[in-house]
Amino acid sequence: MAIKSISLIVHRTLDVKNWLLRPPTAKEARPGRCPRCHCASRPAGGALGLHGHGQRDRQILGPPEVNSASTMTIVACRRYLCTACGAVVMVVPRGVEPRRHYGRAAICLALALWALAGQPTTVVRTRVCAWPGRETTSWRTLARWAAAIAAGIWPWCRAARGLGPRAAAGRAAQIAAGSAPPMTAVPIWDLAYAGGAALI
Ligand SMILES: [Zn+2]
């Protein structure tokens with residue numbers, strides 16, 4: 001059966017940090033149903049609908065902790081093959097932003113530093129960019145994130161749609177900060193980082 005595309009599913013509970021600490025088995029990460037044909041993955045009394053299909057490494061860029069240096073983290077994501085429709089389904093941890101190289105925590109940290117704390121792009125880039133030496137005067141990646149948010153592309157911050165790029169970035173950072181677990185006496189960008197890691 002030809003593979004048309006890979007469907008991405010974000011794990012309900014495991015974030016990147018916990019996934020790395022104890023990677024889930026094929027059984028533990030198996031989704032309840034196929035996201036394309038909605039077939040049950042474990043029908044009662046029947047054969048498995050979603051078969052384990054190995055693992056695939058995914059790179060996640062950004063600081064692994066809010067105050068650490070930016071780097072590349074490799075996460076072995078779980079793949080499944082749907083026996084009904086042939087879809088390949090990949091399960092990734094929370095905090096992975098589909099179709100982006102950077103993790104959502106890093107993105108939200110950058111948005112908060114730039115749009116809420118008023119930090120210059122160069123400072124934001126030094127802190128969040130995994131290759132800070134590459135560009136010197138601007139950071140196009142940050143501008144692309146702001147544009148994606150203003151265009152309403154990311155479901156979790158669709159409330160920022162239609163705003164100007166910086167206002168949209170600030171609104172998204174606030175949404176992320178609002179999703180952070182309770183933390184006291186930390187700056188708003190720490191909250192945005194923690195919320196970004198936890199958002200589904
Ligand atoms: Zn299917």
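Remember, it's 1-based here, ligands and their atoms both numbered in the order they're listed. Just so it is clear, the model here is predicted, and its values are computed rather than measured.
- Angle SG(C34) to the Zn ion (ligand 1) to SG(C85): 110° [nearest 10 degrees].
- At a threshold of 2.8 Å, the Zn ion (ligand 1) has a backbone or side-chain N, O or S atom of C82 nearer than that distance.
- Between W145 and W139, a ring centre-to-centre spacing shorter than 6.0 Å is recorded.
- At least one N, O or S atom of C37, from either the backbone or the side chain, sits less than 2.8 Å from the Zn ion (ligand 1).
- Closest of all the heavy-atom pairs between R42 and G32 is NH2-CA, 4.2 Å.
- The pair E65-K17 meets the salt-bridge criterion, with a side-chain N (NZ, NE, NH1 or NH2) lying under 4.0 Å from an Asp/Glu carboxylate O.
- Crowding of Q59 atom CD: a count of heavy atoms from other residues, nucleotides or ligands under 6.0 Å not exceeding 12.
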